[in-house]
> 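Got a structure for you, written out below as structure tokens; questions coming shortly.
These numbers were taken from a predicted model, which means no experiment stands behind them. Computed from heavy atoms alone, side chains included, the values below leave out hydrogens, waters and symmetry copies.
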Amino acid sequence: MNSVLKTEVVQGRTARVNEVRPDYIEALTLVERLHRRLLDVIKDEFDRRGRSDVNSVQALLLYNIGDKELTAGELRTRGYYLGSNVSYNVKKLVEMGYLHHARSRLDRRSVRISLTPKGKEVHEIVTTLYDKHILTIEQIGGISRDEFSKLNQSLHRLERFWTDQIRFRL
């Protein structure tokens, strides 16, 4: 490849990076900010109910466990939990009576967790909150089902892209 062609290729790549950069960085910022805002919304709901027994991270964790029986590792790998302190929150939720904690019958090294009735109560509060949002998001938030579908498709593609970056060391 001659030097003029190489220069044109480099300039084309630089132009593309500069074109996409603002949208990519904005998307990254929004993903982070939206997760924090979701935690704020959950905290507000618990505050309105006069509940300070669990924090928003713990409530979201209980919601995501739902009726499943999982290990702490599965919480992270299945994407049910964001954060590095999953073990701490699981331990606290067991101590406070929101989670059952039992050794796996198949692998005694593994600890299985599931919701207690108290944990199911928190799960139901978050479910009710989400249901309220679902009923009003289009009219008040201006977001249609089709827009959610496109948004989810894009977020899945971004997740797959990032996963491939790690898996294939791209």
Side-chain angles (χ1 to χ4, degrees), residues 1-45 54-94 98-99 101 104 106-107 109-115 119 122-123 126-127 129-130 133-134 137-138 141-170:
M1 187 181 294
N2 68 37
S3 63
V4 172
L5 186 55
K6 283 183 184 178
T7 301
E8 288 175 7
V9 168
V10 168
Q11 288 174 342
R13 286 182 181 163
T14 301
R16 182 70 181 144
V17 165
N18 289 335
E19 178 184 310
V20 175
R21 178 185 306 275
D23 293 326
Y24 180 71
I25 299 302
E26 182 179 8
L28 298 179
T29 302
L30 283 169
V31 167
E32 279 187 286
R33 193 165 64 213
L34 287 170
H35 177 65
R36 286 192 305 271
R37 183 67 64 215
L38 172 61
L39 294 175
D40 290 343
V41 167
I42 292 169
K43 180 187 181 312
D44 181 66
E45 180 65 19
V54 294
N55 64 40
S56 56
V57 170
Q58 293 165 338
L60 187 58
L61 180 62
L62 293 169
Y63 172 80
N64 286 324
I65 293 171
D67 61 356
K68 295 175 277 308
E69 184 179 281
L70 304 166
T71 66
E74 288 171 326
L75 287 173
R76 283 189 299 267
T77 59
R78 293 183 186 191
Y80 293 145
Y81 185 78
L82 300 174
S84 59
N85 55 356
V86 66
S87 297
Y88 169 81
N89 279 313
V90 166
K91 181 181 176 197
K92 293 301 282 182
L93 290 167
V94 168
Y98 291 93
L99 288 175
H101 179 262
S104 171
L106 302 174
D107 180 357
R109 297 168 297 172
S110 177
V111 175
R112 310 289 296 172
I113 56 174
S114 60
L115 300 185
V122 171
H123 177 273
V126 177
T127 298
L129 173 65
Y130 286 0
H133 292 168
I134 291 164
I137 191 80
E138 191 164 7
I143 307 170
S144 70
R145 181 175 183 218
D146 287 343
E147 289 173 306
F148 272 117
S149 180
K150 289 176 187 171
L151 173 64
N152 291 341
Q153 183 180 35
S154 295
L155 290 172
H156 280 290
R157 287 178 180 167
L158 183 58
E159 178 185 30
R160 188 170 45 247
F161 173 77
W162 285 343
T163 300
D164 289 349
Q165 296 299 300
I166 296 165
R167 181 179 296 143
F168 302 116
R169 298 180 179 241
L170 300 176

> For R112 and E74: C-alpha separation, side-chain torsions, deciding distance, then whether salt bridge (charged side-chain N to carboxylate O under 4.0 Å, His left out) applies.
CA-CA 10 Å; R112 310 289 296 172; E74 288 171 326; 3.3 Å; yes
> Are the side chains of D164 and R160 in touch, meaning some heavy atoms are under 4.5 Å apart?
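Sidechains of R160 and D164: in contact.
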> For the pair D44 (side chain) and D40 (backbone), establish whether a donor and an acceptor sit closer than 3.5 Å, ignoring hydrogens and angles.
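A pair under 3.5 Å: no.
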> I'd like to know if the side chain of E32 and the backbone of T29 have a donor-acceptor N/O pair within less than 3.5 Å.
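No.
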> Say whether, by atom type as modelled, one donor and one acceptor occur between the side chain of S154 and the main chain of K150 under 3.5 angstrom.
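Checked: pair present.
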> Just verifying a value: how many Å separate R21 CZ and T14 OG1, rounded to the nearest 0.5 Å?
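Atom-to-atom, R21:CZ and T14:OG1 are 10.0 Å apart.
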> Run the side chain to side chain contact (heavy atoms under 4.5 Å, CB included) test on L75 and V90 for me, step by step, so that the C-alpha distance in whole Å, both residues' side-chain angles and the decisive distance to 0.1 Å come before the verdict.
CA-CA 10 Å; L75 287 173; V90 166; 4.0 Å; yes
> Between Q58 and L93, what is the shortest heavy-atom contact and its length?
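Minimum heavy-atom separation between Q58 and L93: CB-CD2, 3.9 Å.
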> Quick check for you: to the nearest 0.5 Å, what is the distance between I42 atom CD1 and E45 atom CD?
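The CD1 atom of I42 sits 9.5 Å away from the CD atom of E45.
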> Quick one: are V31 and L28 in side-chain contact, heavy atoms under 4.5 Å?
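SC-SC contact between V31 and L28 ruled out.
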> Pick out which of L62, L61, L115 makes a side-chain contact (heavy atoms from CB on, under 4.5 Å) with V122.
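So the option named by the test is L62.
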> Would T71 and I113 satisfy side chain to side chain contact (heavy atoms under 4.5 Å, CB included), going step by step from the backbone distance to the final call?
CA-CA 6 Å; T71 66; I113 56 174; over 6 Å; no
> Parallel, tilted or perpendicular, judged at 30° and 60°: which one describes the rings of H123 and Y63?
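The rings of H123 and Y63 lie parallel, inter-plane angle below 30°.
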> Out of curiosity, T163 OG1 to H156 NE2, how far, rounded to the nearest 0.5 Å?
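It is 11.5 Å, given to the nearest 0.5 Å.
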> Tell me, with the steps shown, if N55 and L39 meet side chain to side chain contact (heavy atoms under 4.5 Å, CB included).
CA-CA 9 Å; N55 64 40; L39 294 175; over 6 Å; no
> Is there side-chain contact between L60 and H35, with heavy atoms separated by less than 4.5 Å?
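Of all side-chain heavy-atom pairs linking H35 with L60, at least one is under 4.5 Å.
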> Please give me the minimum heavy-atom distance between G142 and E147, naming the atom from each residue.
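Nearest pair, atom of G142 first, then E147: O-OE1, 3.3 Å.
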> Do L158 and Y24 make a side-chain contact, defined as non-hydrogen atoms from C-beta onward lying under 4.5 Å apart?
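The answer is yes; the side chains approach within 4.5 Å.
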